[in-house]
2 protein chains.
Amino acid sequence: MKQITKYIVKNSLKRIFLYRACLVRLKMMGVEKVFSYTLANETGVTSDQVRKDFSEFNIKGNKRGGYDINCLLEKMETIFHRNKDHNIVLIGMGNLGLALSKYSKFVQRNMNIVATFDIDPFKQKIRSDLPVYSMSRLKEIIDRFRVKVAILAVPEISAQQVADELIRYGIKGIVNFAPVLLKVPSDVIINNVNLCDELESVIYYVHNLIKADGLKNIELLYRDMKY
Amino acid sequence: MKQITKYIVKNSLKRIFLYRACLVRLKMMGVEKVFSYTLANETGVTSDQVRKDFSEFNIKGNKRGGYDINCLLEKMETIFHRNKDHNIVLIGMGNLGLALSKYSKFVQRNMNIVATFDIDPFKQKIRSDLPVYSMSRLKEIIDRFRVKVAILAVPEISAQQVADELIRYGIKGIVNFAPVLLKVPSDVIINNVNLCDELESVIYYVHNLIKADGLKNIELLYRDMKY
DNA sequence: TATATTTTGTGATTTGTTTCACATCAAATC
DNA sequence: GATTTGATGTGAAACAAATCACAAAATATA
C-alpha cells in the first residue's frame, strides 16, 4: 500500500510555526478558543490563509465555534512529532557552534543536541554538560542516539567534506550555517541559514525603502519578509 | 518626479546572493566569463531562472558571449550598495549576540558592527576591540555612525521594547533573532531568523521523507528548501 | 561576406499560491 | 422549534512565479 504524503512547502510550514507560537501564548493567557481571524490578526496574515493552511494539514475546527486551542496544539504536536524527542548532533564548535550548543530553546522544543564535534583538540571536552568530541567518534554517536539531523557550523572550506561524512553515517537532514551550497543525494534535506545574506537583504530593502515613497509600495516590498 | 523602484521578492534576492557567491568563487579560480547555464548548474536552478532574475535586476549580458564575471560582480556591487560601508548595531550580548559580534563574514562584506549593547553591566566592556555599551548610549551611537540597521539578539521578553527604542532612534531595518513577531511601523523592515523553526522544519521534512518513497516526490518536497 | 551556431532576453504559457465567495453547518436568539 | 447569525471549509477566481519557446544578436565558420 502506497502512503500518500502531503507535501508542505516552506512558507506554509513557517506560517504554521507562527500560528503555533501564537497559540502557545494565547493558551498561557488563559484563552481556550480562537477564530481564524484572531490568529490572522496576531500573525499578520489573512483569515483565509489561516484556514487554507489548516486545511492543508487537515486541521478541522467547529463551524461557528472556531478552534479549540488545546485540540489545535495537540494536533500540531502530532504533525510535528513533538511527542517524541529528537536527537541532534552539532558539528563545529566555533563562535556560532558554541552559541547554538547553548541555545536553550532547542531543548524546550524537544530537540536535544546529544553531542558536539570539533577537529580542534583544544575544544574537545568530554567531561562536560554537553561533550565536545573529536570527529572520530561521529559514527559511534550517530548510531548510538539514532541521530538523523545535524547542525553544521564548520568553516565553509570543510563544510562539504563534513556533510559527506554525516550523510555516510546516515544523517538525513542538515541545518547548514556555512555559506556554501552542499551537494547531497536527493534524499537528504538541507536547510541553509546564511547570516550574511539575512543581514544584507535587510540592508538592501532599507536602502530601497528610503528611496520609495508610497505606503502601498512598501507593503508590496515587505510581503515576503514577514515570516 | 516619482521614482519607480523595482520591488524584488525575497526568493529572487536569495538567488542573486547565490549567484554572486558562485561568481566570486569562479573569479578566484580565474574564470572570466559565465553563461546562464554555468551559474544554473552551480546553483541548482534553471538557466531561464538565472536570466529572468538578472533581467529583473536589469543585468545585461552579451548575446552568445555570456556574462563577464567582473562586470556582473560590479553591477551587483552597485545594486547592493557594496561600495559603501554599512554600520550596524547589535543589541544583546548573550550567547548568540556574542557569536554574531565575532562573525567575521559580516566585515568581509562591508557590514560593520560598530557597537554592541547589553543591559547587563558585567557584559559592558568599553575598552575592547568591539565595545559593549549600556543601552543608555544607544541613541548617541546610532546618531554618530548614522546606523540604519540593527541586529536584535535579546531575549524574546524584551525584544518588542528594544525594537521600539531602536525605531524611535531611527533604525529602519532589523534582523530579529528573538522568536516573536515584532509590531513595527510599515516603513521598518523586519527579517526574522528563527533558529528553532529552521531546525524543526528539517526534522519535519526528514520524517516525511522517511515515510515517502518516490524520488519525484522528494524533489517536490525539497523544492522550497533549496535556498 | 554569407551562413551556421550559440546564447541572451523576454513575451507567452504553465504552474503554483493566495484571495474570494459562498455553501454548510453550529450555535444563539426569538 | 424556526430563524438568524457567524464561523468554517473549500472550489473558483485572481494573482504571482517559474518555465517554455523563440526572436534577436553576437560570434564562429566557411
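In what follows, every heavy atom counts, from backbone to side chain, and hydrogens, waters and symmetry copies are set aside. Each chain gets a letter, A, B and so on, in the order its sequence line appears, and its residues count up from 1. On a predicted model such as this, the values are computed, not experimentally measured, just so you know.
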Compare side-chain N and O positions of [X] against OP1 and OP2 of [N] and report whether any pair is under 4.0 Å apart.
X	N	answer
A/Lys60	D/dA7	no
A/Ser55	D/dG9	no
A/Arg51	C/dT19	no
A/Lys33	D/dG6	no

Side chain of [X]: nearest nucleotide among [options]?
X	options	value
B/Asp48	D/dG9, D/dT19, C/dC20	D/dT19
A/Lys63	D/dG9, C/dT19, C/dT8	D/dG9
B/Tyr37	D/dA7, C/dG9, C/dT7	C/dT7

Measure the distance from [atom1] on [X] to [atom2] on [N] and round it to the nearest whole Å.
X	N	atom1	atom2	result
B/Asn58	C/dG9	CG	P	10 Å
B/Phe35	C/dG9	CZ	P	12 Å
B/Ile59	C/dT7	CD1	P	20 Å
A/Asn62	C/dT24	CG	P	19 Å
B/Lys75	C/dT8	NZ	P	16 Å
B/Glu56	D/dA16	CD	P	13 Å
A/Asn11	D/dA17	CG	P	11 Å
A/Gln49	D/dT10	CD	P	15 Å

Point to revise | Touch class at under 4.0 angstrom, heavy-atom based, for B/Ser47 against every strand present | key: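 Touches nothing.
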* Asked: How would you label the contact of A/Tyr67 with the nucleic acid (heavy atoms, under 4.0 Å): base, sugar-phosphate, or nothing?
  ->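 Sugar-phosphate: the residue A/Tyr67, judged by heavy atoms under 4.0 Å, touches backbone atoms but no base.
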- So, does the side chain of A/Lys52 form a donor-acceptor pair with the base of C/dT17 at under 3.5 Å?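 No, no donor-acceptor pair under 3.5 Å.
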Task: Donor-acceptor pair present, B/Arg64 side chain and C/dT5 base, under 3.5 Å - done: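 By the distance-only test, yes, there is a pair.
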Residue set satisfying ring pair (Phe, Tyr, Trp, His ring centres under 6.0 Å) with B/Phe80, at least two apart, ordered chain then number -> A/Tyr204, B/Phe17
Test ring pair (Phe, Tyr, Trp, His ring centres under 6.0 Å) applied to A/Phe117 - qualifying residues, sequence neighbours left out:
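Applying ring pair (Phe, Tyr, Trp, His ring centres under 6.0 Å) to A/Phe117 gives A/Tyr133.
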**Message:** If you count heavy atoms of other groups shown closer than 6.0 angstrom to CD of A/Gln108, is the number above 12?
**Reply:** yes
Partner of B/Ile151 under side chain to side chain contact (heavy atoms under 4.5 Å, CB included), picked from B/Ile174, B/Thr116, B/Asn176, B/Ile113, is B/Ile113
Ring pair (Phe, Tyr, Trp, His ring centres under 6.0 Å) with A/Tyr19: of A/Tyr67, A/Phe57, A/Phe54, only one passes, and it is A/Phe54
Review point. Taking for each residue the nucleotide of DNA chain D with the nearest heavy atom, is it A/Gly65 or B/Asp53 whose nucleotide lies nearer the 5' end?
Key: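 Per heavy-atom nearest nucleotide, the more 5' residue is A/Gly65.
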